[in-house]
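Inspection log for the structure reproduced underneath, given as structure tokens.
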Amino acid sequence: MRFVTDVLRHLGVDEADEVQRLEARLTRIEALYSQIAPKKKKAAAPIRALPAIVVEELYEIFDPLSQRNPFKTVQIRSRNYLLFILYLHLGLRRGEALLLSASAIRSDYDLITGREYRWINVTTLEGEDPRYLQPALKTEQSQRQLPVTPELVALFDNYVGNYRIHSKYGHLFISQKKTPLALQTVNDIFNVATTSLSPAAKAALEVRGWAKIPARGKGSQDEREGKRWISPHDLRHTAAVLRLKRFVDSGDEMEKAIGKLDTRNNLSL
DNA sequence: AGCTGAAGAAAGGTTTTGCG
DNA sequence: CGCAAAACCTTTCTTCAGCT
């Protein structure tokens, strides 16, 4: 700025008001640009999204038909698979999934296109809840509706229709004791899945600073610092990436999807 | 930048189930 | 049937995300 006015003077644009006029305009432009200066980069945040090999293996481990599935019964397998997919695809918080109702997915017709679309209601399920730790939505604004793919709808319907254990509670996720699944049990499920990963996948996590992950059935004897188990929150971070990709892929569903997205609740990475 | 509620870790317990 | 393992849960305490 200083430089520019000096140059103008030097070039002999010495009509004072001419220089002043230019200076005023430049000042204004400078002010404008200062507003849109790029934000300072934050100190590099550790990567929380999971490596691709780990995500691929988790699909295989949770797949109810897979040889690698460590869970015993078909009921628990399909329940855990749906739980995993909800965390990975929708990026739900741990507790949010446990609040879902067995009728959380709703459909409606779009009067303009005449097509059916479906979404899932993330909200607080009213009624008695016997759990020691009550899951809760973090804020009122956490109540939202998320668009769901036909694949997810099929998975949901299959589980609810064929495998969900009947219970007097309306929750989607029910334990073998016929009560809503406890928060800790979700961790237990992911612990089992984590120990079922191949050595290669475990190595990929250790490269990222995780502690050594024990083999199935064994406790962890390793004293190294770091995370030992994949958590729903890790999937939430991974989900943000996947979600963007799916929206781009979904083409003409895009507007509908965005309409259902609560922009105030965009996932931050 | 501070705060609040959710997530996570750890330890340890009970109930249920698959399978020999 | 019997038993070991899986499934599930409580309790306490610490850490962290993300809202205001």
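Below, all heavy atoms of this structure are taken into account, side chains as well, without hydrogens, waters or symmetry copies. All chains are named by letter (A, B, ...) in the order of the sequence lines, taking the proteins before the strands, and each is independently numbered beginning at 1.
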Rounded to whole angstrom units, what separation is found between the [atom1] atom of [X] and the [atom2] atom of [N]?
X: Tyr132(A); N: dC13(C); atom1: OH; atom2: P; value: 10 Å
X: Leu133(A); N: dA9(B); atom1: CG; atom2: P; value: 15 Å
X: Gln134(A); N: dA6(B); atom1: CD; atom2: C1'; value: 14 Å
X: Arg77(A); N: dA7(C); atom1: CZ; atom2: P; value: 10 Å
X: Lys72(A); N: dT16(B); atom1: NZ; atom2: P; value: 19 Å
X: Arg144(A); N: dC19(C); atom1: CZ; atom2: P; value: 10 Å
X: Asn187(A); N: dT11(C); atom1: CG; atom2: C1'; value: 14 Å

Handout entry: Arg94(A) and Asn187(A) side chains, donor-acceptor separation under 3.5 Å
Key =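 Yes, Arg94(A) and Asn187(A) have a side-chain donor paired with an acceptor closer than 3.5 Å.
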
Problem - Pair Ser231(A), Asp234(A): side-chain N/O donor-acceptor within cut-off below 3.5 Å - result: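 Per modelled atom types, Ser231(A) and Asp234(A) side chains form a pair under 3.5 Å.
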
Problem - Toward the 5' end of DNA chain C, by each residue's nearest nucleotide, Ile174(A) or His233(A) - result: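 Its nucleotide being nearer the 5' end, the pick is Ile174(A).
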
Problem - Pairwise 5' ranking along DNA chain C for Val192(A) and Arg131(A), keeping only the more 5' one - result: Val192(A)

Fill in the blank from the handout: Between Gln184(A) and the options Leu181(A), Val186(A), Asp188(A), the side chain to side chain contact (heavy atoms under 4.5 Å, CB included) test singles out Asp188(A)

Residue-phosphate contact under 4.0 Å: [X] side-chain N/O, [N] OP1/OP2:
X: Thr73(A); N: dT17(B); value: no
X: Arg94(A); N: dC16(C); value: no
X: Thr185(A); N: dA7(C); value: no
X: Arg236(A); N: dG18(C); value: yes
X: Ser231(A); N: dG8(B); value: yes

Exercise for the section: Classify the ring geometry between Phe84(A) and Phe190(A) as parallel (under 30°), tilted (30 to 60°) or perpendicular (over 60°). Expected result: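 Plane angle between 30° and 60°, so tilted.
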
